[in-house]
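What follows is a single structure, written as structure tokens, with notes after it.
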Amino acid sequence: MTMDLFSQFASSTSFGVPLILPAMLVPWLLFPSYPSRWVNNRLLTSQNWFLTSFTKQIFSPLNFPAHKWAFLLVSLMVFLLSMNLLGLLPYTFTPTTQLSINLGLALPLWLATVLVGFRNQFNHSLAHFLPEGTPTPLIPILIMIETISLFIRPLALGVRLTANLTAGHLLIHLISSAVSAIFSLSPAASMLTFTILILLTILEIAVAMIQAYVFVLLLSLYLQENT
């Protein structure tokens with residue numbers, strides 16, 4: 001039973017080749033390309049509105065040097081949002097339920113923000129490890145705590161995204177199995193369970209969008225600290 005529950009998170013293979021790479025590339029193929037016409041259609045207009053609103057929301061509190069990261073963080077948001085939502089479709093695979101994928105995204109970006117801070121404001125970045133006015137006996141302990149809190153950030157980013165998506169997929173799998181299992185015993189209970197499944201699916205769509213936003217928002221906050 002346990003293996004059946006978690007087998008949905010294993011990457012599918014075709015002729016011995018993992019299909020996780022196509023699953024990560026397909027979302028980019030679904031976005032419409034800009035036509036040669038002067039006036040965009042409704043789909044492109046909605047896409048431009050979303051990207052513009054998200055960029056303003058993320059980068060308005062940030063300093064001007066951080067605006068160089070706009071293209072990277074907006075692309076990351078679109079990438080995560082697409083994979084999270086497409087993973088809710090039947091017979092699909094969600095790459096963002098893999099901790100290795102999420103850490104592979106979180107670790108380099110977090111490290112880049114730290115290196116930017118040390119390059120642009122070295123003394124200010126070191127000052128984060130020791131707050132002003134700290135008593136002398138507490139200096140080694142506080143430096144150790146601040147160092148651990150700094151290095152745990154990429155792990156928290158990856159684990160948060162993985163745990164939330166995995167929990168949602170497991171709940172959907174369990175409740176959908178219960179719908180078919182109890183239908184022959186009690187159709188009324190089965191319909192009630194199906195209603196709960198629909199509401200849970202709507203909730204998971206919201207979670208998929210929120211988790212992609214939170215991932216990018218936290219990276220922008222790390223960037224703000226170092227710029």
Side-chain angles (χ1 to χ4, degrees), residues 9 11 18 20-31 47 50-87 93-129 143-169 206-227:
F9 302 112
S11 177
I20 188 171
L21 184 59
M24 297 176 65
L25 295 178
V26 163
W28 296 108
L29 303 177
L30 300 179
F31 285 94
Q47 177 181 314
F50 168 75
L51 295 178
T52 304
S53 302
F54 175 75
T55 304
K56 290 180 180 179
Q57 178 72 23
I58 290 293
F59 288 94
S60 56
L62 272 62
N63 299 326
F64 182 75
H67 293 181
K68 301 175 183 178
W69 290 61
F71 180 76
L72 177 62
L73 293 185
V74 171
S75 301
L76 178 63
M77 172 66 183
V78 172
F79 179 62
L80 292 176
L81 183 61
S82 302
M83 288 195 299
N84 292 352
L85 292 178
L86 289 176
F93 174 71
T94 314
T96 45
T97 56
Q98 306 294 312
L99 183 60
S100 57
I101 298 294
N102 296 332
L103 287 181
L105 293 172
L107 186 58
L109 293 173
W110 163 83
L111 184 59
T113 61
V114 173
L115 293 179
V116 166
F118 277 106
R119 186 188 66 178
N120 296 335
Q121 42 186 12
F122 184 77
N123 293 333
H124 182 71
S125 297
L126 287 181
H128 282 293
F129 293 95
I143 291 178
M144 186 180 303
I145 293 175
E146 291 296 329
T147 303
I148 294 174
S149 66
L150 177 65
F151 282 97
I152 208 172
R153 285 179 174 182
L155 181 63
L157 279 176
V159 170
R160 180 186 294 108
L161 182 58
T162 304
N164 282 281
L165 295 181
T166 302
H169 283 66
V207 168
M209 300 172 66
I210 291 171
Q211 289 304 315
Y213 176 76
V214 168
F215 191 95
V216 178
L217 177 63
L218 290 176
L219 280 174
S220 68
L221 293 179
Y222 300 157
L223 181 63
Q224 183 180 12
E225 290 182 0
N226 293 285
T227 52

>> Donor-acceptor check, side chain of T166 to backbone of A163, threshold 3.5 angstrom: yes or no?
In response: no
>> Tell me if a side-chain donor or acceptor on T162 pairs with a main-chain N or O of V159 at a distance below 3.5 Å.
In response: no
Are side-chain heavy atoms of [X] and [Y] found at a separation under 4.5 Å?
X    : Y    : value
E146 : S149 : yes
L51  : V78  : yes
M209 : N84  : no
L219 : W69  : no
I58  : Y213 : yes

Which atom of [X] lies closest to which atom of [Y], heavy atoms considered:
X    : Y    : answer
L161 : F215 : CD2-CD1, 4.1 Å
F54  : L73  : CE2-O, 4.2 Å
L81  : A208 : CD1-O, 4.4 Å
M77  : F50  : CE-CZ, 4.3 Å
G158 : A106 : N-CB, 4.4 Å

>> Could you check whether H169 and T94, counting side-chain N and O atoms only, form a donor-acceptor pair closer than 3.5 Å?
In response: yes
>> For N164 and I210: C-alpha separation, side-chain torsions, deciding distance, then whether side chain to side chain contact (heavy atoms under 4.5 Å, CB included) applies.
In response: CA-CA 10 Å; N164 282 281; I210 291 171; over 6 Å; no
Output the distance between atom [atom1] ([X]) and atom [atom2] ([Y]), rounded to the nearest 0.5 Å.
X    : Y    : atom1 : atom2 : result
L107 : F151 : CG    : CZ    : 10.0 Å
L76  : L80  : CG    : CG    : 4.5 Å
F79  : L72  : CZ    : CG    : 12.0 Å

>> Give me each pair satisfying side chain to side chain donor-acceptor pair (under 3.5 Å) with a member in residues 150-161, each pair once, sequence neighbours excluded.
In response: R153-E225
Could you check whether atom [atom1] of [X] has more than 12 heavy atoms from other residues, nucleotides or ligands sitting under 6.0 Å from it?
X    : atom1 : answer
F118 : CZ    : yes
I152 : CD1   : no
Q121 : CD    : yes

> Could you walk me through whether W110 and L150 pass the side chain to side chain contact (heavy atoms under 4.5 Å, CB included) check?
Replying inline: CA-CA 10 Å; W110 163 83; L150 177 65; 4.0 Å; yes
